[in-house]
Amino acid sequence: MLLTIDDLLANDEVALVRALLDRAEWSSGAATAGTQAVTVKNNQQIAEDAPLLPELRRIVLAALNRSPMFFTAVLPHRIVPPCFNRYADDADRYGAHIDNSMRALPDGSGYVRADISATLFLSDPADYDGGELVIEDTYGRHEVKLPAGSLVVYPSSSVHQVQPVTRGERIGCFMFIQSLVRDAEQRRLLFDLDMELLALRQQLGETPSMVRLTGVYHNLLRRWGDT
Ligand code: NI
């Protein structure tokens, strides 16, 4: 499932993140790519030991944690700490690849299975040309280029790429999430059910049937979810 979440970060948070990133040093993005991906990856990232990284991560993770749409669409179990990247000049693209399935946690404490990938756009689309995130799945090819502060989530199993940036710079943040529900179809069913429950609750209030249907949602999540 490909889903966008508008304005995950408020404007003042985007400004704060961008101000922090203006003071950070960019290094080659090859450090976190797998064997296949590294051959097509040509961008820059904030190094893992950069002093500003914990504060940047705290801002993004806090925004994810307060978003009900992120929770119900992704059902997050574990999130690899977000990384920040830049496409500009000679480091301007990331060719077609699939994200590694197992992502090492930077503190060495283990691995997170990447079920869902997410990109948080941090540049105004008017400030650069190109740089679309292109995602191919069984429903075809999708080009995504969102306002600063908006997020797209998509299956880590999809082939995707970032088109060359031909003007300006594209700053972004990316992360990988292990879901409480491993199976994408089950996750989709739960999302659809939750959205319809939300709509019905607004129309009807908490009727006895709503209580039972909400129970069905949670009992499916209990059946399919693992912590
Ligand atoms: Ni990727």
Side-chain angles (χ1 to χ4, degrees), residues 1-5 8-9 17 21 26-48 50 53 56-57 60-61 63-64 70 73-106 111-123 125 128 130-146 148-166 169-179 182 184 187:
M1 183 171 72
L2 189 155
L3 185 90
T4 61
I5 299 175
L8 181 84
L9 288 189
V17 166
L21 287 170
W26 296 98
S27 52
S28 168
T32 59
T35 315
Q36 186 273 324
V38 77
T39 63
V40 290
K41 186 175 186 182
N42 182 25
N43 65 359
Q44 294 179 311
Q45 280 175 209
I46 301 293
E48 197 52 46
L53 196 53
L56 288 161
R57 286 176 166 166
V60 173
L61 289 171
L64 294 176
F70 177 77
V74 170
L75 295 168
H77 176 30
R78 298 201 293 164
I79 303 177
V80 178
C83 294
F84 296 81
N85 60 16
R86 175 177 184 266
Y87 296 82
D89 308 320
D90 293 335
D92 62 346
R93 69 191 69 194
Y94 194 165
H97 66 281
I98 285 187
D99 296 330
N100 270 13
S101 50
M102 298 296 165
R103 315 291 310 198
L105 288 165
Y111 290 83
V112 170
R113 188 188 65 237
D115 296 319
I116 295 157
S117 301
T119 295
L120 173 62
F121 288 77
L122 293 169
S123 291
Y128 63 100
E132 295 85 1
L133 173 63
V134 180
I135 302 159
E136 292 168 36
D137 66 15
T138 50
Y139 296 98
R141 175 185 162 104
H142 312 271
E143 288 198 6
V144 183
K145 186 170 181 174
L146 300 177
S150 292
L151 181 86
V152 60
V153 297
Y154 57 99
S156 300
S157 56
S158 62
V159 173
H160 55 276
Q161 58 186 295
V162 176
Q163 300 280 66
V165 171
T166 55
E169 66 172 4
R170 174 198 194 270
I171 307 284
C173 169
F174 63 99
M175 63 219 92
F176 306 100
I177 303 125
Q178 180 171 335
S179 179
R182 180 179 196 154
R187 215 160 47 232

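Counting starts at 1 for both ligands and their atoms, following the listed order.
The shortest distance between side-chain heavy atoms of Y94 and N85 does not fall below 4.5 Å. Side-chain contact between V80 and M175: absent, with no pair of heavy atoms (C-beta onward) separated by less than 4.5 Å. In this structure the side chain of L151 reaches within 4.5 angstrom of the side chain of L64, judged on heavy atoms. Under the 4.5 Å side-chain criterion, counting only non-hydrogen atoms from C-beta, D137 is not in contact with Y154. Between N42 and D92, some side-chain heavy-atom pair lies under the 4.5 Å cut-off.
The neighbour count for R113 CZ, taken as heavy atoms of other residues, nucleotides or ligands under 6.0 Å away, is above 12.
By the criterion of a separation under 2.8 Å, the protein N/O/S atoms near the Ni ion (ligand 1) amount to H97 NE2, D99 OD1, H160 NE2.
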